[in-house]
Structures are given as structure tokens and as C-alpha cells.
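First up is the structure itself, then whatever we jot down about it.
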Amino acid sequence: MNRRRRVYEGKAKILYEGPEPGTLVQHFKDDATAFNNKKHDKIEGKGVLNNRISEYLFQKLGEIGVPTHFIKRLNMREQLIREVEIIPLEVVIRNVAAGSLSTRLGVDEGTMLPRSIVEFYYKSDELNDPLVTEEHITAFGWATPPELETVMSLALRINDFLSGLFLGVGIRLVDFKCEFGRLWEGEQMRIVLADEISPDCCRLWDIETQDKLDKDRFRRDMGGLVEAYQEVARRLGLHVDNPTRTRSGPVLVQSK
Ligand code: 5GP
């Protein structure tokens with residue numbers, strides 16, 4: 001029985017009130033969804049792997065000076081984060097043509113892009129997260145021009161860093177989605193990386209074999225999703241003991 005106050009429940013995560021004001025607990029579920037929830041399944045072990053991989057990537061990004069909402073991992077499925085005001089945009093960075101870009105523009109999947117491309121999608125399930133431009137974002141007040149500039153430069157820095165990190169373990173970062181939030185510290189506001197970065201929101205292809213190590217395995221009915229996420233974790237040097245093991249309750253891990 002969970003007595004914590006649930007602040008928000010999304011498709012793959014739940015946010016609970018945290019132990020201190022201004023903190024939240026981010027819980028990773030095993031639910032997999034695609035095509036705006038039209039396809040839905042539970043994949044045992046996915047939440048544990050995403051929690052661990054996202055923790056690792058947020059920590060590494062923090063080490064190079066990218067501000068994030070991440071504080072620490074609490075247990076196999078949960079992490080403590082700072083509460084932020086989410087900017088209602090999905091920021092997608094692409095290095096190789098795939099997915100909706102290939103469909104929309106008729107570019108063969110796998111084509112290297114002449115440079116990294118940043119796209120913005122307005123977060124709205126009712127509208128199917130439509131592609132929007134900077135004009136829409138600033139005109140409708142979803143973010144101010146200076147906020148958008150910060151978001152763009154952080155997104156490109158994150159992309160450069162993660163592309164190199166994955167390349168080092170034989171994985172091409174084809175594209176990924178990230179989200180940003182406003183973190184208020186008194187009167188001061190900072191834009192920080194929020195949400196998660198995991199194989200759920202990235203396209204990760206093996207450099208040698210082009211094998212997909214990401215959520216496209218679910219979207220395209222390829223199977224082997226947990227094995228692919230486990231392979232990503234293994235290559236990053238993360239030890240995730242038996243991610244499919246069920247536990248009766250949260251188990252504390254040592255904070256650093
Ligand atoms: P596409 O626009 O090609 O469908 O997706 C581009 C990238 O962003 C892919 O790596 C995809 O996983 C990620 N992405 C786009 N929208 C979402 C979303 O709503 N949820 C998640 N988890 N990832 C998304």
C-alpha cells in the first residue's frame with residue numbers, strides 16, 4: 001500500500017511528493033506505450049533499467065556542468081529529483097534520419113544528417129504532440145526567447161556529450177527527446193534538464209550491426225526490448241541485477 005501523495009502519473013513514470021519541499025520522487029514503471037497510448041504493454045524490468053541508465057547519464061551530464069533536476073537514486077525504480085516547472089516542449093535532437101523525420105520528409109532511415117537538427121514538439125496528448133516552431137513557442141508564451149536560446153544550447157551540448165559517450169561503447173546516438181524545466185531558487189530561475197534520458201526516448205543503434213537497442217523494438221514489434229536495454233546498461237558499465245525481480249517495497253541504496 002503506497003501512502004505517498006501522487007503528484008502526477010504519466011505513461012511511463014509516476015511523480016510522488018518528495019521528503020523535502022521542492023523535491024519529488026520519480027518512479028519508473030514497466031509500462032511501455034507508443035503512438036500516443038494506442039499501443040500499450042507492460043515489459044517487466046524496463047523501469048529498473050531506465051532508472052539506472054537515466055541516473056548514469058544525468059550524473060555524467062552534471063559532471064560536465066549541464067544543470068539537471070537529478071539529486072540521487074533512491075532504489076531500483078525511484079530517484080529523488082528537484083521539483084521544476086516543466087516547459088511544455090519535447091526537444092528532439094537528431095543526428096541520423098529516422099522515425100518521424102524520415103516519414104515526414106522522405107529521407108531514408110539511416111541517412112547521416114548534414115548537421116544535428118533540433119526540433120520542438122508541443123506536449124499535448126490531445127493534439128498528438130505537434131511539431132512547432134520557435135515562433136509558436138514564443139508567441140504562445142510556452143518559453144521566452146532567452147529561455148529558448150538556453151534550451152537550444154543545452155540540447156546541443158547534451159547531444160555532443162552523449163554522442164561521444166555512446167560512440168565510445170559502440171553505439172550510435174541517432175536521435176533523442178529531452179525535456180527542460182524552470183528551477184526556482186528564491187528569486188533566481190535556472191533552466192535545467194528534467195524528465196529522463198533512457199533507451200525509451202533515444203534511438204540507439206549498434207555501430208557494427210545497426211541493431212536497434214531502444215524503444216523502436218517495442219514500437220515495431222521486434223521483441224527483445226529488455227535484452228536490448230540490458231545491453232546498453234552493460235556497455236555503459238552499469239550492473240543491474242536481475243531487473244525483472246519484483247520487490248515488495250522500495251529498497252534504499254547508498255547515496256554517494
Ligand atoms: P520521432 O519524432 O522520430 O518519433 O522521435 C524522435 C526521438 O524522440 C526518438 O528517439 C523517440 O524515442 C523520441 N521521442 C519522441 N517523442 C517521444 C515521446 O513522446 N516519448 C518518448 N519516450 N520518446 C519520444
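As the structure lists them, so they are numbered: ligands from 1, and atoms in each ligand from 1. We number each residue from 1, following the sequence as shown. Remember, it's a predicted structure, so these values are computed and weren't measured experimentally.
- At a 4.0 Å cut-off, at least one heavy atom of R94 sits close enough to ligand 1 to count as contact.
- Close contacts between ligand 1 and D200 involve ligand atoms 12 (O), 21 (C), 22 (N), 23 (N) [criterion: under 4.0 Å to a heavy atom].
- Electrostatic pairing of K177 and E196 does not count as a salt bridge here, judged by no charged N lying under 4.0 Å from a carboxylate O.
- Both the backbone and the side chain of D175 come within contact range of ligand 1, each with a heavy atom under 4.0 Å.
- For atom 4 (O) of ligand 1, the nearest protein heavy atom (residue, atom name, distance) is R203 NH2, 3.8 Å.
- Using a cut-off of 4.0 Å between Lys/Arg side-chain N and Asp/Glu carboxylate O, R104 and E119 are scored as salt-bridged.
- The shell of residues lying under 4.0 angstrom from ligand 1, judged by heavy atoms, excludes R104.
- Residue contact check: E90 has heavy atoms under 4.0 Å from atoms 16 (N), 17 (C), 18 (C), 19 (O) of ligand 1.
- Contact annotation: for A12 versus ligand 1, there are no heavy atoms closer than 4.0 Å.
- A salt bridge does not link D206 to R172: none of the charged nitrogens lies less than 4.0 Å from a carboxylate oxygen.
- Open room surrounds CD on Q188; 12 or fewer heavy atoms of other groups in view lie less than 6.0 Å from it.
- A cation-pi arrangement is not found for K46 relative to F28, the charged atom failing to lie both closer than 6.0 Å to the ring centre and inside a 45° cone about the ring normal.
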